[in-house]
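See structure below.
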Amino acid sequence: MHNLTINMGKLDGRVSIITGAGSGIGRAIALLFASEGSRVVVADINDEGGEETVKMIRNNGGDAIFIHSDVSKASDCENTVKGTVKHYGQLDILVNNAGIDLPRARPSADFTMDEFDRLLNVNLKGAWLMSKYAIPEMLRQGRGVIVN
């Protein structure tokens, strides 16, 4: 299903961070970006899924690393950007894909404050935190793209 070939592509020479790339849409984005020539940083809270995505990219000739990242934590977001620049020397693209959903088995009025706070911390604050640490690097380079 995820059979990709690494060729000259639209993203040659670029370095991308994809949050939530350990599964689902994030994994699909990481595989696509790698197939277009990007070096990919797979950022996810799920170590097993993240490492599997890296393996899939490498098995098809791509270049990828995994960085454990809980996007709701400022330190993890900062470390993800710093680790990317340390390993690859640059950061060109950030895809803020990580996200969670509340269970749909009960009315929203029944959700706890902790559940709602977690939802906001991952889905909203996480994108802001990753961008907060990526933007200065992109400005230093004179280029960059952020996809939310």
Side-chain angles (χ1 to χ4, degrees), residues 1-103 111 113-148:
M1 178 174 176
H2 294 291
N3 194 7
L4 61 107
T5 304
I6 307 302
N7 294 317
M8 298 294 284
K10 296 175 185 176
L11 300 177
D12 283 348
R14 301 290 189 233
V15 173
S16 306
I17 296 173
I18 315 297
T19 66
S23 63
I25 293 170
R27 176 175 281 167
I29 293 167
L31 294 170
L32 174 64
F33 278 34
S35 75
E36 288 292 337
S38 180
R39 294 167 285 169
V40 177
V41 175
V42 173
D44 206 296
I45 196 168
N46 176 346
D47 295 351
E48 185 177 327
E51 293 289 359
E52 179 64 24
T53 301
V54 167
K55 182 178 176 184
M56 294 168 79
I57 291 169
R58 289 180 179 167
N59 285 345
N60 287 286
D63 186 351
I65 62 170
F66 172 70
I67 298 178
H68 176 91
S69 186
D70 178 346
V71 298
S72 71
K73 296 180 180 175
S75 60
D76 279 15
C77 295
E78 183 177 22
N79 290 337
T80 299
V81 171
K82 284 183 176 180
T84 298
V85 174
K86 181 177 180 181
H87 187 83
Y88 288 118
Q90 66 193 62
L91 170 57
D92 302 293
I93 303 166
L94 167 64
V95 178
N96 284 314
N97 168 75
I100 60 171
D101 197 3
L102 294 174
F111 293 121
M113 288 297 278
D114 286 342
E115 288 172 317
F116 188 69
D117 286 344
R118 178 76 180 144
L119 178 85
L120 291 179
N121 285 338
V122 172
N123 296 358
L124 181 61
K125 186 178 174 183
W128 176 77
L129 282 170
M130 285 300 303
S131 298
K132 172 183 174 53
Y133 294 107
I135 289 169
E137 183 59 34
M138 292 175 173
L139 288 173
R140 185 189 66 72
Q141 295 171 175
R143 69 177 187 279
V145 175
I146 297 174
V147 179
N148 292 317

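Remark: K82 pairs with E78 by the side-chain contact (heavy atoms from CB on, under 4.5 Å) rule, at least two apart or across chains. For K55, there are no salt bridge (charged side-chain N to carboxylate O under 4.0 Å, His left out) partners two or more places apart in sequence or in a different chain. For D114, there are no salt bridge (charged side-chain N to carboxylate O under 4.0 Å, His left out) partners two or more places apart in sequence or in a different chain.
With hydrogens and angles ignored, the 3.5 Å screen pairs a side-chain donor or acceptor of E36 with a backbone N or O of K10. Put simply, the side chain of N59 never gets that close to the backbone of M56: no donor and acceptor are under 3.5 Å apart. Looking only at distances, a side-chain donor or acceptor of T53 sits under 3.5 Å from a matching main-chain atom of A21.
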message: For a side-chain contact (heavy atoms from CB on, under 4.5 Å) check, start with the C-alpha distance between V122 and V71, then their side-chain angles and the critical distance, and finish with the verdict.
response: CA-CA 6 Å; V122 172; V71 298; 4.1 Å; yes

- prompt: Between I57 and L31, is a side-chain contact (heavy atoms from CB on, under 4.5 Å) present by the stated rule, with each step listed?
  reply: CA-CA 6 Å; I57 291 169; L31 294 170; 3.7 Å; yes

message: Quick one, L119 with F111, criterion side-chain contact (heavy atoms from CB on, under 4.5 Å). Give me CA distance, side-chain angles, the key distance, then yes/no.
response: CA-CA 11 Å; L119 178 85; F111 293 121; over 6 Å; no

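Expressed to the nearest 0.5 Å, how far CG of D44 lies from NE2 of H68 amounts to 8.5 Å. Atom CG of D70 and atom CG of N46 lie 12.0 Å apart (nearest 0.5 Å). Distance check, rounded to the nearest 0.5 Å: CD1 of I93 to OG1 of T84 gives 12.0 Å. The CG atom of N79 sits 11.5 Å away from the NZ atom of K73 when rounded to the nearest 0.5 Å. Note that CD1 of I45 is 7.5 Å distant from CG of D76, once rounded to the nearest 0.5 Å. Rounded to the nearest 0.5 Å, atoms CG (N97) and CZ (R27) are 12.0 Å apart.
Legend: side chain to side chain donor-acceptor pair (under 3.5 Å) pairs involving residues 14-23, not counting sequence neighbours, sorted by first then second residue: S16-S38. Residue pairs meeting the side chain to side chain donor-acceptor pair (under 3.5 Å) criterion with at least one member in residues 117-130, sequence neighbours excluded, are S72-R118.
Listed here is the closest heavy atom pair of V40 and Y88: O-OH, 4.0 Å. The shortest heavy-atom contact between N148 and S131 is OD1-OG, 4.3 Å. Smallest separation of non-hydrogen atoms from L32 and S35: O-OG, 2.6 Å. The two atoms that bring S69 and A43 nearest to each other are CB-CB, 4.0 Å, heavy atoms only.
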Name the atoms and distances for all side-chain donor-acceptor pairs under 3.5 Å in residues 135-144, with sequence neighbours left out.
| unit_1 | atom_1 | unit_2 | atom_2 | d |
| --- | --- | --- | --- | --- |
| E137 | OE1 | R140 | NE | 3.4 |
| E137 | OE2 | R140 | NE | 3.2 |
| E137 | OE2 | R140 | NH2 | 2.3 |
| Q141 | OE1 | L91 | N | 2.8 |
| Q141 | NE2 | L91 | O | 2.6 |
| R143 | NE | D92 | OD1 | 2.9 |
| R143 | NH2 | D92 | OD1 | 2.9 |

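Annotation: L102, atom CG; neighbour count of heavy atoms from other residues, nucleotides and ligands within 6.0 Å is above 12.
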